[in-house]
Amino acid sequence: MADSSATLPDDLIINILTRLPAKALCKFRCVSTLWLDLISHPYFIRLHHTRFRSNPNLLLVRSSPHDSMDASNENITLRVACSQMNSYPYHEFAVTIKESTVHMLPSRWDLVFFAGENGFYVCNPSIQEFLKLPHCSTCTSGEVNAGLGFDCVTKEYVLVHLFDRSLDTYEYDIGIELLRLSECRIGGGDSGGWKVVEGKNCPYQIRGWGVFVGNSFYWMIWDEFEQPGEEAIVRFDLDTEEFGVVAAPKGCFDTEEVWFLVELRGFLCLVDSTTRPLTIDIWMMKDCEKPGEWVREYTIDLNGFSNEISKSIVPLEYRDGEILIDSNQQSLEAYNVENKSFRRMSNRIEGNWTWLRLYTDSFFSLGSR
Amino acid sequence: MITLRSSDGETFDIDEVVAVEMQTIKHMMEDGCAESVIPVLNVTGKILAKVIDFCKKHVESAKAEELKAWDANFIKVNQATLYDLIMAANYLDCKSLLDLTCQTVADMIKGKSPEEIRGIFNIKNDFTPEEEEEIRRANQWAFE
C-alpha cells in the first residue's frame with residue numbers, strides 16, 4: 001500500500017471488502033471498474049452474506065406522526081437507525097408513509113416489514129431501500145393480522161395476511177393470503193401479488209404476529225367468549241393448506257392475554273410471563289408431529305426487576321447458548337441459559353424508539369437499487 | 001524444533017506446535033522438509049518475526065478476552081507493515097492472522113471516500129467522468 005508499485009491480489013481485496021457493510025460497498029462501487037465487478041459478483045455477495053449472518057446488527061425504528069400538531073394527520077414518519085453491535089448508529093434514514101398507524105413485524109433477517117391499514121411495506125435497511133408491497137385484501141375489521149417467515153431452503157420470505165371479509169360486525173369470516181418475496185421478485189410464479197388461499201377460513205380470531213416454523217404459521221387465539229383452554233393456538237400448514245389447533249402447555253392460563261409466540265432454534269416457543277410471578281417461562285414445542293406437547297425449555301428469573309419489566313421482555317433469537325432479548329427498546333441483553341445471567345449487548349440506547357430488531361447486513365435488493 | 005529462514009537470511013527457531021499454525025509450513029513439514037532449514041522466500045525477517053510472535057501467543061493463550069486485547073495491540077502498526085503482514089499471513093496461510101489483518105483494514109477504510117481508497121490501495125480510476133458520475137448518482141444515499 002505504501003509502495004507505489006504494490007497492489008493487493010483480488011482474493012485479498014475480496015477478503016477485506018466482504019467485511020464491509022453494504023452501505024460502504026455501495027460507496028466504493030465507483031473506485032474502479034475492477035471493484036465494481038468484484039462487488040457485484042454473486043460469489044462476493046454470497047460470501048458477504050455468510051460473514052454478516054453470524055454477526056447480527058441492531059436496528060432501531062421510531063414511528064411518529066408526520067405533523068403532531070395536525071389532528072387529522074394522515075402521514076407517519078419512520079426513522080430507521082442501523083448500528084453494528086456496541087457501536088453508535090452507522091447510518092440513519094427516514095421515510096414517510098400515508099398511514100395513521102403502523103406496526104412493525106418481528107424479524108431478524110435482512111429485510112424488515114411494516115403493516116398499516118393501507119397495506120404492507122418492505123425495507124432493506126442496509127441499502128436504505130423502502131417499498132410498498134402490492135395491494136392486499138381489505139380487512140373489514142380494520143385490524144392487521146399477519147405473520148412473517150423466512151424459508152431457509154428456498155431463500156424466500158413468506159408473508160401471510162389474515163383478513164376478515166365479513167360485512168357483519170358480530171360475525172367473522174377470516175380469509176388468508178400469502179405473498180412470497182425473493183431477491184428482485186415479489187409474488188410467486190406469474191402473478192406479482194398476493195395469493196388468496198381459496199376456500200379456507202381461519203376458525204378463530206387471533207392476536208399477535210404469526211410465527212413461521214416447519215412450513216406452518218402459528219398464532220395465539222383470541223376469543224372473547226371462550227375461556228382459555230384446549231384451543232390456544234391456531235396453525236396454518238402451508239403444505240396441506242389446512243388450519244388446525246394446538247393446545248397450550250398444560251396447567252397454564254393466559255389470564256392477561258400476554259402470552260406470545262416466537263421461534264427459537266427452529267422450534268415454536270411460547271413465552272409465558274404470567275403463570276409464575278417474576279418469571280418468564282419459555283415453552284418449546286420440540287416435535288411438530290406431536291403438536292400440543294410442550295417442554296419448559298428455559299426459565300428466566302426476573303428477581304430484582306420490577307413487575308413491569310416482565311411484560312416488556314421480548315426474546316428475539318437464540319445464539320451460541322444465549323437468548324438475545326429486547327428489553328423495552330432500551331437495551332439489548334443476552335441471557336446465558338447455563339449461567340442464568342444477563343449480559344448487556346448494546347450500548348445504552350438513547351432516544352425514544354418504538355421498535356428494536358436484529359437484522360443482517362445484506363445487498364438483498366427488491367429491484368429499486 | 002523447526003528452523004525458518006526469511007527472504008533476507010534471518011533464521012528463527014520455533015516449536016513445532018507454533019510452526020503448524022502456519023498451514024504452508026505445516027504442509028512443508030508433512031512433505032518431509034522439516035529436517036533442514038525451511039526457506040520462507042516471500043517474507044522478510046522483520047515481518048516473519050512478527051508472524052511468529054503472533055502464532056506463539058495464539059498457541060500459548062486460550063482466553064478469548066486476553067487474546068483480543070493482545071491482538072488489538074499487536075496490530076497497531078503502520079500501513080506498510082500492515083500490508084506486509086497481510087501478504088505474509090496469506091502466503092503462510094495463517095487464518096487467524098489473515099482474519100485480524102483484513103478486518104483491521106476493513107475497519108480502517110469503512111468511512112473513507114473513493115478517492116482516499118484509491119490512494120490507499122494504489123488503484124487507478126479507470127472510469128470515464130460520466131461513468132463515475134452515473135454510479136455516484138445511483139448510490140448517492142451511501143455518501144450521506
Side-chain angles (χ1 to χ4, degrees), chain A residues 1-40 47-48 51-52 54-55 80 82 84 87-88 90-95 124-130 320 361 363 365 368-369, chain B residues 42 44 64-65 68 77-91 93 95 97-144:
Chain A
M1 291 184 281
D3 176 354
S4 62
S5 65
T7 48
L8 283 175
D10 289 358
D11 59 334
L12 290 181
I13 296 196
I14 290 173
N15 192 329
I16 293 169
L17 293 185
T18 47
R19 296 165 192 271
L20 291 172
K23 184 184 180 214
L25 291 170
C26 286
K27 224 186 350 168
F28 297 158
R29 277 173 171 156
C30 68
V31 164
S32 73
T33 56
L34 173 68
W35 277 42
L36 179 64
D37 286 340
L38 287 180
I39 292 171
S40 323
L47 183 54
H48 180 270
R51 283 204 202 279
F52 278 88
S54 45
N55 285 318
V80 181
C82 309
Q84 291 178 305
S87 219
Y88 293 100
Y90 176 52
H91 62 116
E92 288 192 32
F93 63 100
V95 286
N124 181 345
S126 314
I127 55 175
Q128 293 187 10
E129 188 177 43
F130 190 95
D320 302 325
D361 192 284
F363 282 97
S365 170
S368 74
R369 293 243 184 266
Chain B
N42 296 0
T44 63
E65 287 301 312
K68 213 167 149 206
V77 294
N78 64 32
Q79 259 185 34
T81 307
L82 187 54
Y83 171 84
D84 289 335
L85 280 172
I86 292 179
M87 296 298 279
N90 191 41
Y91 174 72
D93 196 358
K95 185 175 186 303
L97 181 58
L98 190 59
D99 279 339
L100 176 66
T101 47
C102 287
Q103 188 63 50
T104 303
V105 176
D107 294 337
M108 201 176 86
I109 64 174
K110 193 161 82 172
K112 301 237 182 291
S113 69
E115 294 79 16
E116 288 170 306
I117 294 295
R118 291 185 196 119
I120 293 169
F121 289 88
N122 194 37
I123 296 172
K124 185 174 181 305
N125 180 2
D126 55 349
F127 283 118
T128 66
E130 293 79 27
E131 284 169 341
E132 187 183 340
E133 183 51 42
E134 174 68 45
I135 298 171
R136 276 180 183 263
R137 213 163 6 99
N139 295 282
Q140 188 53 43
W141 64 273
F143 288 88
E144 273 143 35

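Order of the sequence lines fixes the chain letters, A, B, ..., with proteins taken first and strands second; residue numbering starts at 1 for each chain.
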Nearest-0.5 Å distance that lies between atom CD1 in Ile123(B) and atom CZ in Phe28(A): 10.0 Å
Residue pairs passing the salt bridge (Lys or Arg N to Asp or Glu O under 4.0 Å) test where at least one lies in residues 110-122 of chain B, sequence neighbours excluded: Glu115(B)-Arg136(B), Arg118(B)-Glu132(B)
Residue pair Phe143(B) / Cys30(A): nearest heavy atoms and the distance that separates them: CZ-SG, 4.2 Å
Close side-chain approach of Phe121(B) to Val31(A), heavy-atom, < 4.5 Å: no
Interchain contact, Glu92(A) with chain B, by part (heavy-atom threshold 4.5 Å): neither
Region of Asp126(B) in contact with chain A, defined by heavy-atom distances below 4.5 Å: both
Validation row: Arg19(A), Val105(B) side chains within 4.5 angstrom (heavy atoms): no
Shortest non-hydrogen separation from Tyr83(B) to Thr7(A) and the atoms involved: OH-O, 3.7 Å
Proximal component of Phe93(A), with respect to chain B [non-hydrogen, under 4.5 Å]: neither
Crowding at CG, Asp11(A) (>12 non-hydrogen neighbours, <6.0 Å): yes
Taking every non-hydrogen atom, the tightest pair across Phe127(B) and Arg29(A): CE1-O, 3.8 Å
Contact origin within Leu25(A) toward chain B - heavy atom pairs under 4.5 Å: neither
Point-to-point distance, once rounded to the nearest 0.5 Å, from CD1 of Ile117(B) to CG of Leu17(A): 8.0 Å
Nearest-0.5 Å distance that lies between atom CG in Leu12(A) and atom OG1 in Thr101(B): 8.0 Å
Side-chain touch Ile109(B)/Ile16(A), heavy atoms, less than 4.5 angstrom: yes
Portion of Asp99(B) that has a non-hydrogen atom of chain A nearer than 4.5 angstrom: both
Residue pair Cys26(A) / Trp141(B): nearest heavy atoms and the distance that separates them: SG-CZ2, 3.7 Å
Max heavy-atom pair count under 4.5 Å with chain A, selected residue of Asn125(B), Asn90(B), Thr104(B): Asn90(B)
Heavy atoms of other groups near Glu144(B) CD, more than 12 under 6.0 Å: yes
Rounded distance (nearest 0.5 Å) linking atom CG of Leu8(A) with atom CD1 of Ile120(B): 11.0 Å
Interchain contact, Glu133(B) with chain A, by part (heavy-atom threshold 4.5 Å): neither
Contact leader toward chain B among Thr33(A), Thr18(A), Leu20(A), where contacts are heavy-atom pairs under 4.5 Å: Thr33(A)
